[in-house]
S.K.: 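For reference, the structure I am asking about is given below.
Sequence positions, counted from 1, serve as the residue numbers for this chain. One-based numbering, in listed order, for ligands and for the atoms of each.
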Amino acid sequence: MKDQVIIFDTTLRDGEQALSASLTVKEKLQIAYALERLGVDVIEAGFPVSSPGDFESVQTIAKHIKHSRICALARAVEKDIDVAAESLKVAEAFRIHTFISTSTVHVQDKLRRSYDDVIEMGIAAVKRARKYTDDVEFSCEDAGRTPIDNLCRMVEAAIKAGANTINIPDTVGYTLPSEFGGIISQLFDRVPNIDKAVISVHCHDDLGMSVANSMAAIQAGARQVEGTINGLGERAGNCALEEIAMIIKTRQSLLGVHTNIKHNEIHRTSKMVSQLCNMPIQANKAIVGGNAFSHSSGIHQDGMLKNKNTYEIMTPNSIGLKNQALNLTSRSGRAAVKSHMDTLGYTEHEYDLDKLYADFLKLADRKGQVFDYDLEALMHFANLRDEDDFFKINYLSVQSGSVMATTSIKLQCGAEEKCEAAVGNGPVDALYQCIYRLTGYEIVLDKFDLTAKGEGEDGLGQADIIANYKGRKYHGTGLATDIVEASGQALIHVINSIHRADQIATIKQQNSQ
Ligand code: KIV
Ligand code: ZN
């Protein structure tokens, strides 16, 4: 049996579909670059038939990513498969992933078909996908709850039709590790052509067993694991790929398998995904949580000082976690900033050095010392902004006390600079009133979060908002030493995205007249 476990990342599809505001094409491409660098074998970039935005993202990623295979999802219907192929054809080689439900409850109550019909639809879908590519994956949705005889029939038929990867999802995270491993073993025992395909697993975390179930499947012979960074995904999420990669590395002698993952990219990729998806990571999360490598109790600290093996089964360095050193100030030049970015492992196509350096200088003037984590936060933030942003805060002044707050602002609105002042219940309220008046946009906020980035009281403040405008959700983020300014930037970020979407809609309308 082959000893490589293929890592299939679906952060941009299963993960993204669970976010409260969808990612932009630019953000998805940024994540795809990080996944490529992490060494994932397959990137599921989206579900192209679901929206024009998803189509464009898959196409863009397929055009730019060269070292990971790009895959797109399609239901077992002709149109989905054709649209998936159309979005992927810019890539030299690609995978189409088609699926249909196989559990009794899904077949009877969701699809309202007979099981024979479902098998026919699966076969037809695989054959259609094979017209476009010889890399076809077929999934039996809700396989975890599918009667084993039915599952064996479907798998055999899909392989015969030309699928070379068969994915067995535990779609609702229902099975136990021994049970799920048993399903995989039975497929190996009972499906006559099983050796013609790679067996993949895709486990959800509803009962907190997605990683354990995936590992049981690997031990039973599965050689592809699907999952997401930080375990993002529908409901309780998907199997966390960073956990799979580190389990396989840490327990390699027992498991006898390996992956292509570059483990020292894990920390950075996880941080980037968390930031762009606006999904903070719980401190005690395995591998990438803030406390995953910190030792609190006196007994543990004593043991660590004597011998790290007492309480450390993997090193922080192995996932790319470096000691955060301070070394940049406002006297540091562009070359120093670039060299820091090199050391942190970022290549220049991932950020704009001019933009980053300008932001760095502003921050260094205010803060004195700029830390590695500040630089990373600035980079992610700069990447979210566009050169052609219509609105920009030029000046902001806030006076707040225990009763009311007053804010005055100068806002760049295209070529014109406009001024406004307002009184509010607090400084953010006053500022938002100014921005609403100057831009003409009145927005309903679904969520407003403030978090500290970095350590100590001079850490940066990050504001994240989810706004609802005409039924569509937008995510805005702002980063500054001042939390009122960060809140203003977050709102301006959202308003620029809405303004851009309005402009595109107007152009489309004019073209159609
Ligand atoms: O959870 C699931 O079953 C899926 C399939 C589309 C693979 O996401
Ligand atoms: Zn899923």
S.K.: Any Lys/Arg nitrogen of Asp117 or Arg112 sitting under 4.0 Å from an Asp/Glu carboxylate oxygen of the other?
M.R.: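 No, Asp117 and Arg112 are not salt-bridged.
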
S.K.: For Thr171, is at least one N or O under 3.5 Å away from an N or O on ligand 1?
M.R.: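 There is such a contact, yes.
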
S.K.: Do ligand 1 and His204 have nitrogen or oxygen atoms that lie under 3.5 Å from each other?
M.R.: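 Looking only at distances, the answer is yes, because the N/O contact criterion of under 3.5 Å is met.
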
S.K.: Restricting to N, O or S, what is the name of the atom of Asp14 that lies nearest the Zn ion (ligand 2)?
M.R.: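 Minimum-distance N/O/S atom of Asp14 relative to the Zn ion (ligand 2) is OD2.
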
S.K.: Could you tell me whether Tyr351 and Tyr346 have their ring centroids closer than 6.0 angstrom?
M.R.: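 For Tyr351 and Tyr346, the ring centres are not under 6.0 Å apart.
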
S.K.: Tell me which N, O or S atom of His202 sits nearest to the Zn ion (ligand 2).
M.R.: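 Closest N, O or S atom of His202 to the Zn ion (ligand 2): NE2.
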
S.K.: Hey, are Lys28 and Asp54 close enough for a salt bridge, meaning a charged N less than 4.0 Å from a carboxylate O?
M.R.: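 Between Asp54 and Lys28 there is a salt bridge, with a charged N closer than 4.0 Å to a carboxylate O.
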
S.K.: Can you tell which of Arg13, Glu226, Arg75 gets a heavy atom nearest to atom 6 (C) of ligand 1?
M.R.: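 Considering heavy atoms of Arg13, Glu226, Arg75, the nearest to atom 6 (C) of ligand 1 sits in Arg13.
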
S.K.: Please work out whether any backbone atom (N, CA, C, O) or any side-chain heavy atom from C-beta onward of Glu234 is under 4.0 Å from ligand 1, and answer side chain, backbone, both or neither.
M.R.: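 Neither part.
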
S.K.: For His475 and Asp464, does a side-chain donor sit closer than 3.5 Å to a side-chain acceptor?
M.R.: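 His475 vs Asp464: donor-acceptor pair found between side chains.
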
S.K.: Taking 4.0 Å as the limit for heavy-atom contacts, which would you say applies to Glu137 with ligand 1: side chain only, backbone only, both, or neither?
M.R.: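 Neither; no heavy atom under 4.0 Å.
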
S.K.: Should Val257 and Ile218 count as side-chain neighbours, where that means a heavy-atom distance under 4.5 Å?
M.R.: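 Counting from C-beta outward, Val257 and Ile218 do come under 4.5 Å.
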
S.K.: Does this structure show an ion pair linking Arg500 with Asp389, if we count only N-O contacts that are shorter than 4.0 Å?
M.R.: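 A salt bridge is present here (some side-chain N lies under 4.0 Å from a carboxylate O).
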
S.K.: As an exercise, identify every atom of ligand 1 less than 4.0 angstrom from a heavy atom of Glu141.
M.R.: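 This gives 3 (O) as the contact atoms.
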
S.K.: Is any side-chain heavy atom of Leu35 less than 4.5 Å from a side-chain heavy atom of Ile229?
M.R.: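 Leu35 vs Ile229: side chains touch.
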
S.K.: Of the protein's non-hydrogen atoms, which lies at the shortest distance from atom 4 (C) of ligand 1, and what is that distance?
M.R.: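 Residue, atom and distance for the closest contact: His202 NE2, 3.5 Å.
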
